[in-house]
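Report on the structure given below.
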Amino acid sequence: MNQPFSNVFHRYNWGDIQQAIHAKTATDVERALCKTKLSTADFEALLSPAADNYLELMAQKSQALTQQRFGHTMQVYAPLYLSNVCSNICTYCGFSRNNKLRRKTLSETEIIAEAKALKTKNIDNILLVTGEAPKTVGATYLERAIRLLKPYFAQIAIEVQPLQPVEYRQLIDAGLHGVSLYQETYHRESYARHHLKGNKTDMIARLDAPGCVGEQGIHKIGLGVLLGLDDWRTDSIFCALHLRYLQKAYWQTRFSVSFPRLRPCTGDYAVEQPVGDRQLVQLITAWRLFAPISI
Ligand code: SF4
């Protein structure tokens, strides 16, 4: 059993990392762009404001690396929303328990109808998405959904509440291929300010959840931060630390990083630190140069 990531997380200070990113210069960026294996300090340089002048070069290098590693193939997946019922209150999410909206959980017949509709679009990989509602969409419901969907799709992943180890095993045995668990933000105060009620208020449990999935030998784990919640640059460095920890601890598992950007939704949340298109390009290309993973 590996030590939990939260033990590693406690060794890093948000302010120090933020300061290091903003202190990076054009020379640091150019040095990082000459390397084939990037350190976390190089990644800081590529995420820094100083890298904004190098976007074109970053994009060209990133494209070349993508083609070298993945060829000209592109893997497409579709999210399949199974339920918008949620027991938690998160300020930025339309599914939040305090929002008044019609709640719906798909029946078995409806799940199969969705599968057939997706197959007509040649979709072969799906991501099952639910709110965090263990009583409504717990492991038993998810296992049933996976078993129903397995004949239709090559790969099935989930983006749901963190589960117990035995539940992950149950779903892997049913045919689960991957688990996405986004930290949303690694900034302690922001995390507390945006996660107001329910299991997701426990930041440490969230930090350690991907490791719990890794322990069960899942094929793929997806990480990410919610762009717009806090400083995307600093959050991305923490996500990189998380990734490096998991890669070392669970070397047989594959990893991916996603870039969910906050958009307007039901409720009165206004995005506090919006991430523009130019910044998103910087972020994606910096990740490609830093880590040979799916993005
Ligand atoms: S737990 Fe997930 S689905 Fe529920 S309100 Fe929070 S972000 Fe939305």
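In this chain, numbering begins with 1 at the start of the sequence shown. Each ligand, and each atom within it, is numbered from 1 in the order the structure gives.
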Go through ligand 1 atom by atom and flag the ones less than 4.0 Å from a non-hydrogen atom of [X].
| X | result |
| --- | --- |
| Lys200 | 1 (S), 2 (Fe), 7 (S) |
| Ser96 | 5 (S) |
| Gly131 | 3 (S) |

- Is atom 6 (Fe) of ligand 1 under 2.8 Å from any N, O or S atom of His195?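 So His195 does not bind atom 6 (Fe) of ligand 1 by this criterion.
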
Looking at [Y] and [X], is there a salt bridge between them, counting it only when a charged N and a carboxylate O are closer than 4.0 Å?
| X | Y | result |
| --- | --- | --- |
| Glu143 | Arg147 | yes |
| Asp202 | Arg206 | no |
| Asp277 | Arg261 | yes |

- Item | Top protein contact for atom 6 (Fe) of ligand 1, by heavy-atom distance |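 Checking every protein heavy atom, the shortest distance to atom 6 (Fe) of ligand 1 gives Cys90 SG, 2.3 Å.
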
- Message: I need the nearest protein heavy-atom contact for atom 8 (Fe) of ligand 1: residue, atom name and distance, please.
- Response: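 Answer for atom 8 (Fe) of ligand 1: Cys93 SG, 2.3 Å.
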
- Query: Side-chain donor-acceptor pair under 3.5 Å between Tyr250 and Glu215, yes or no?
  - Reply: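 Result is yes, a qualifying pair exists.
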
- Query: Strictly under 6.0 Å, is that where the ring centroids of His10 and Phe5 end up?
  - Reply: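 Here the rings of Phe5 and His10 have centres that are no less than 6.0 Å from each other.
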
- According to the interplanar angle, ranging from 0 to 90°, do the rings of Phe9 and Tyr186 count as parallel (below 30°), tilted (30 to 60°) or perpendicular (above 60°)?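 Ring orientation of Phe9 relative to Tyr186: tilted.
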
- Query: Is atom 4 (Fe) of ligand 1 less than 2.8 Å from at least one N/O/S atom of Cys86?
  - Reply: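 Yes, within the cut-off.
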
